[in-house]
Amino acid sequence: MRFTFATVQYESGDWDSAPLVAANVIDSVARYTSIDVAPSGAIVPLSSEALLRYPLAFLTGHLPVRFTSAERAMLRKYTARGGILFADDHNHDIDGVFHKTCTEELSRVVGPLKPIAKTHPLYRSFFTFSDGPPTTSHELNGWGDNLVHEQLLGAEQHGRLSVIYSNKDYSSEWSFHPENKKFLSVDNTRFGVNLVAYALTR
Amino acid sequence: VTPAGIIARLRGVQRRLQLLAIGSVLLWVLSAVAVALLVSVVVRVVNGVSAPIVTAFTSVLAAAVVGAWRWRVIAPDRIAMTDAALLAESHAVALRYSLVTLAEQPVADDSDRTQRRLAAYAATTGWEKPTSAAITRHGTSLAMRMLVAGVALALGMYPWPSRTSAARTVADANGDRPVRVAPKGRVQATATLMQPAYAGRAPQRIAFGATVSALVGSVLRIAGVGPDSMVRVAVQEASPEATSAPRALTLSALGNEWLGVVRVGTVPLAVRLTDPVGERWILITPVVDSAPIAALVLPATDTLLYDTTAVLRVSGSVHDDIGLHDARIEYIISSGSGEQFTFTSGVLADARKLSTRDHPIAALIDVAKLGLKPGDLMHVRITAHDANAVAGPSLGSSETRTIRLPRRDERDSVAIEQLPPTPVDTSALSQRQLLMLTERLVARLPRINRTTMVAESQRLGLTQARLRKQVADIVFARLGNTPSGEHAHFPGDGHNHSEAELATLTTPESVLKAADRATGGVSGMLDTHGDETPVVAVNRPLLEAYNAMWDASRALQGGEPRQALDPMRRALAAIQRARTAERVYLRGTPPAAVVDVAKIRLIGTDTARFEARRALEALPEPQRRIGERVLRGLALLTARDVNALDSLRLARLDALGVLPTLAAALGDVTDAVERGRDATAAVLRARRIALSPWQPTAGSALWIGGAP
């Protein structure tokens, strides 16, 4: 079974604000693992049954998020059947509209989001991040809340994370062409491999 | 019977004896010549080496030596009358030495009584008949032996065919179909290759059947003895089509000898000599003289020379495959600038009349002597001519090195040092962080004493004041003719006020109106600092934040953090509003990024799916014909046919131009066979190439069998 990185398309907001994240995560998965990975990602409507084909779904945006009832129902079904939704605030702003609306919507589906401990298996599923989620260069750039968010938020079902929420703006951090990784001394997309490995093994 | 009569008869016997002696000497001479010729025949037949001059010389020498020796031993000129008398006495015993006594007399005298009695007695014995019979027997025996010697001589002179040039099956004109030529008579011929004079090589005797390499311009002289009508010499140029007909060579006759001259061009040749016995070959592969190779060793690279008194060494070497004629180091100096340049050329070193193949050459560049000035360019190279007098001397030259004397102003350059990345100001605290710290301080109030609380509150107040100053830099435009650091202008920053705009801002009232417009209705002077010039707000939400920060910093510095919380929250909310109002989401179409997983994993792009196999295309017709000829030749070789080598040599000649790999393989085959080595591998390789419809090109490598 080939792994395909899926980006969630939802009715409200700008779901396609970070189009190169998929390519970057795919590149890292191919580079560091032997996972059979599709060379390009898929775009899946949140209300579509097709979402169930993908073990990991990525959601991002800047603008307010309001799920339709169909989207909400499909997300509930998706998480209940073992899918993992990784939502990232492209504003990295805890008072921003995306943060408030998205966390509210996710909480309505999977319950309240809680901080994920730095010792969580997510941070050791492939690479080891002993300090928790890797800091992005966008957290202190004056655009968002100017805070370094120490922890991600998440909701667990049956002992595994079903929703992972980030204020760290991985959408900005990972949205560049994979060819340009050669200019980085340390690949900043390695955490994406952990997300994929966690989604495939838990 | 008189004594004179007896003496006259004895003289007759003496002459017959002398003739027999001379005949004996001749018999020895004939035998020696016959032996010499037979030896040469054996050598030629067995080894195929034909040397008629050596044979003739050997025969004459043998005849002279043996003849002189036998003449000295037999000495026909010294056979005297007494010898004839003794011969007669030996065959007529009754003579009782009367005849010898009579022969020993100095003069025959009929009046001498003794001589008359001796003559009378000898006459009564009848000595002549047995003596004559004995001489006849000797003569007959001699004649028989001379006949045998004559037969041997004839055998030695007969043109026995040698083993290598015996009657054979040879290829026809196209080299395709073998035909048999009946042996009738053999023509002695020699071939001599004379390379061009400039090569300095001695004439080379070439054996028929050989493949030789010759410089273009060489001459092959084929000479023979006998009528030229008995022989035909033809020249056939190699051709991939194998359709070129042999061109008959015009022979020039000189007495009993004939001569043919073949000039070697750039095309491989087969020289075919046909006589009644059969056909013989000489294959000639032309060698083109290469141009000389010149290598400039010093200076190793192009050079900048700042010292106008320097002495620089130039050195290198030249090489030619045959022979060099001259070598030199040339230079060109270009001086001037702009549109005015002058050029000077010359020679630094000149070596002529070289007779070697390699020659080192060196010289010194004396910058001062050559008059080089800053700004000049000097180009140096080595050139060489070879001694090729046939196609003209070829010129070889080395790389050109450039030596530049820079001007003084050329040394200036612009160097821009790249700045290191600006470090992030990690000491800066945002309004949100200040608010969070203040909230923590308020939460700790019940647990800390007032002194600590006041100290921490004042520290937060200072930070809040500093942050307020930063906001002020953004928010306010300070008025006045001389902009301060809070509102500076830079050329080209796109933020210059127009002259007309500045002219209108000359009074506080006009400034306040402008501020009111900018802030959307907030009127009145908002802030002054002592006697400073008034400031005007240009960003209303940030202005609100600025005022809230004033309140917060005053409360914090007064030791009342609880009262600071509300204005701090107002300031944060105002900042958020200002930021949200200014947010612009720039969207563009990103490039499609499809990850090449195989490339990233360094496993190539082979998908393990192959196209359907296609039939290989057949070779062009000429190559196919050569391939078939080679296969037939290899079959002959396998059958130990004596003609196989010739067929393969001819095929190789035609393959040289179009199928070089096949030609190389055939060369290995013929070489191995001639040297008596195992030719199996070479034959297999040649067969594989001849059978294969695919031929390697220069860019493709053979992966099997190690073929060239």
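Values below: every heavy atom of this structure, side chains too, minus hydrogens, waters and symmetry copies. Below, chains carry the letters A, B, ... as their sequence lines are ordered, and counting in each starts from 1.
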Open item on the list: Rounded at 0.5 Å granularity, tell me how far CD1 in B:Ile575 sits from CG in A:Asp95.
Closed with: 12.0 Å
TODO: Can you measure from CD1 (B:Ile600) to CD (A:Glu179) and round to the nearest 0.5 angstrom?
DONE: 8.0 Å
Task: Whether over 12 other heavy atoms sit under 6.0 Å from A:Asp131 CG - done: no
Task: A:Val37 and B:Arg601, any side-chain heavy atoms less than 4.5 Å apart - done: yes
Open item on the list: Please classify the contact of A:Thr33 with chain B as side chain, backbone, both or neither, using a heavy-atom distance under 4.5 Å.
Closed with: both
Open item on the list: With a sphere of 6.0 Å drawn around CZ of A:Arg2, does it hold more than 12 non-hydrogen atoms of other residues, nucleotides or ligands?
Closed with: yes
Task: Under the ring pair (Phe, Tyr, Trp, His ring centres under 6.0 Å) test, residues paired with A:Tyr32 that sit two or more places apart - done: A:Phe127
Task: A:Arg124 CZ: over 12 foreign heavy atoms closer than 6.0 Å - done: yes
Task: Option among A:Asp145, A:Val148, A:Leu147 that satisfies the side chain to side chain contact (heavy atoms under 4.5 Å, CB included) test with B:Gln433 - done: A:Leu147
- [ ] Could you tell me which portion of A:Ser175 (side chain, backbone, both or neither) has an atom closer than 4.5 angstrom to a non-hydrogen atom of chain B?
- [x] neither
- [ ] Identify, with sequence neighbours excluded, every residue that meets ring pair (Phe, Tyr, Trp, His ring centres under 6.0 Å) alongside A:His99.
- [x] A:Tyr165
